[in-house]
Amino acid sequence: SPLSLSPQAFPLRSLRRRQPTLLVACGPAQNGAVGLVCARHLRTFDYEPTIFYPKRSPDPLHRDFTTQCEKMDIPFLSYLPTEVQLINDAYNAVVDAVLGAEGTQGTEGTEPCAAILATLRHVRIPIVSLDVPSG
């Protein structure tokens with residue numbers, strides 16, 4: 001499963017930055033909920049995830065995952081920096097949970113997904129996709 005691969009693919013000791021920071025970019029559909037669960041798991045493995053989840057789903061399960069992340073003191077960004085160097089400097093990798101296989105039809109041109117993808121297209125740090133790569 002992608003959730004169990006992250007600590008193996010990017011072990012803490014292999015990260016280029018001393019702080020094990022990761023940016024988890026979550027879309028509004030099912031893959032975004034998986035991103036929230038991923039952030040929660042990453043925290044338990046001693047990573048320092050930060051979540052960008054601009055269009056929160058009204059689904060009760062998604063709200064529960066969001067609450068769990070908040071209770072674990074995982075920070076949420078209120079906006080995604082458009083200056084990609086800020087992302088490159090702050091994080092070791094980006095977890096792509098923006099679009100999944102269920103959400104690729106007709107959503108890449110809509111906000112907030114289009115803006116997220118436009119920014120992520122230019123980052124130079126690794127991007128780890130939880131499903132079909134969004135870009």
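Starting from 1, each residue takes its place in the sequence as its number. Values reported hereafter were calculated over all heavy atoms of this structure, with side chains retained and with hydrogens, waters and symmetry mates removed.
Salt-bridge annotation for Arg56 and Glu70: present, with a side-chain N of the basic residue lying under 4.0 Å from a carboxylate O of the acidic one.
Distance CD1/Ile125 to CG/Leu120: 9.0 Å, rounded to 0.5 Å. Atom CD1 of residue Ile116 and atom NZ of residue Lys55 lie 10.5 Å apart, to the nearest 0.5 angstrom. Atom SG in Cys26 sits 11.5 Å away from atom CG in Leu99 (nearest 0.5 Å). If you take CG on Leu36 and NE2 on His41, they are separated by 11.5 Å, rounding to the nearest 0.5 Å. Atom CD1 of Ile74 sits about 9.5 Å away from atom CD of Gln68, to the nearest 0.5 Å. For the atom pair Asn92 CG and Glu48 CD, the distance stands at 9.5 Å (nearest 0.5 Å).
Counting heavy atoms from C-beta outward, Leu80 and Ile87 have side chains that approach closer than 4.5 Å. The shortest distance between side-chain heavy atoms of Leu117 and Val98 falls below 4.5 Å. Under the 4.5 Å side-chain criterion, counting only non-hydrogen atoms from C-beta, Thr50 is not in contact with Leu22. Put simply, the side chain of Phe52 does not reach to within 4.5 Å of the side chain of Ser78, judged on heavy atoms.
Across all non-hydrogen atoms, the minimal contact from His122 to Ala118 is CD2-O, 3.0 Å. When all heavy atoms are compared, the tightest approach of Ile127 to Val123 is CD1-CG2, 3.6 Å. Closest approach of Pro49 and Leu42 over heavy atoms only: CG-CB, 4.4 Å. Residue Ile51 comes nearest to Ala39 through the heavy atom pair CD1-CB, 3.7 Å, listed as atom of the first residue, atom of the second, then distance. The shortest non-hydrogen separation linking Tyr53 to Ser57 is OH-N, 3.0 Å. Scanning both residues, Thr21 and Tyr91, for their nearest heavy atoms gives OG1-CA, 3.3 Å.
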Determine, stepwise, if the pair His62 / Gln30 fulfils side-chain contact (heavy atoms from CB on, under 4.5 Å). CA-CA 8 Å; His62 295 218; Gln30 183 64 32; 4.1 Å; yes
Apply the test side-chain contact (heavy atoms from CB on, under 4.5 Å) to residues Val95 and Leu130: give CA-CA distance (whole Å), side-chain angles for both, the deciding distance (0.1 Å), then the verdict. CA-CA 7 Å; Val95 176; Leu130 296 184; 3.8 Å; yes
Report the C-alpha separation of Leu23 and Leu77 in whole Å, then their side-chain angles, then the decisive distance to 0.1 Å, and conclude whether the side-chain contact (heavy atoms from CB on, under 4.5 Å) test is met. CA-CA 9 Å; Leu23 176 61; Leu77 291 180; 3.8 Å; yes
Evaluation steps, side-chain contact (heavy atoms from CB on, under 4.5 Å), between Met72 and Thr44: CA-CA 9 Å; Met72 293 179 77; Thr44 64; 3.9 Å; yes
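Linking ILVMFWY residues whenever their side-chain heavy atoms come closer than 4.5 Å, directly or via other members, leaves Leu86 and Val24 in distinct clusters.
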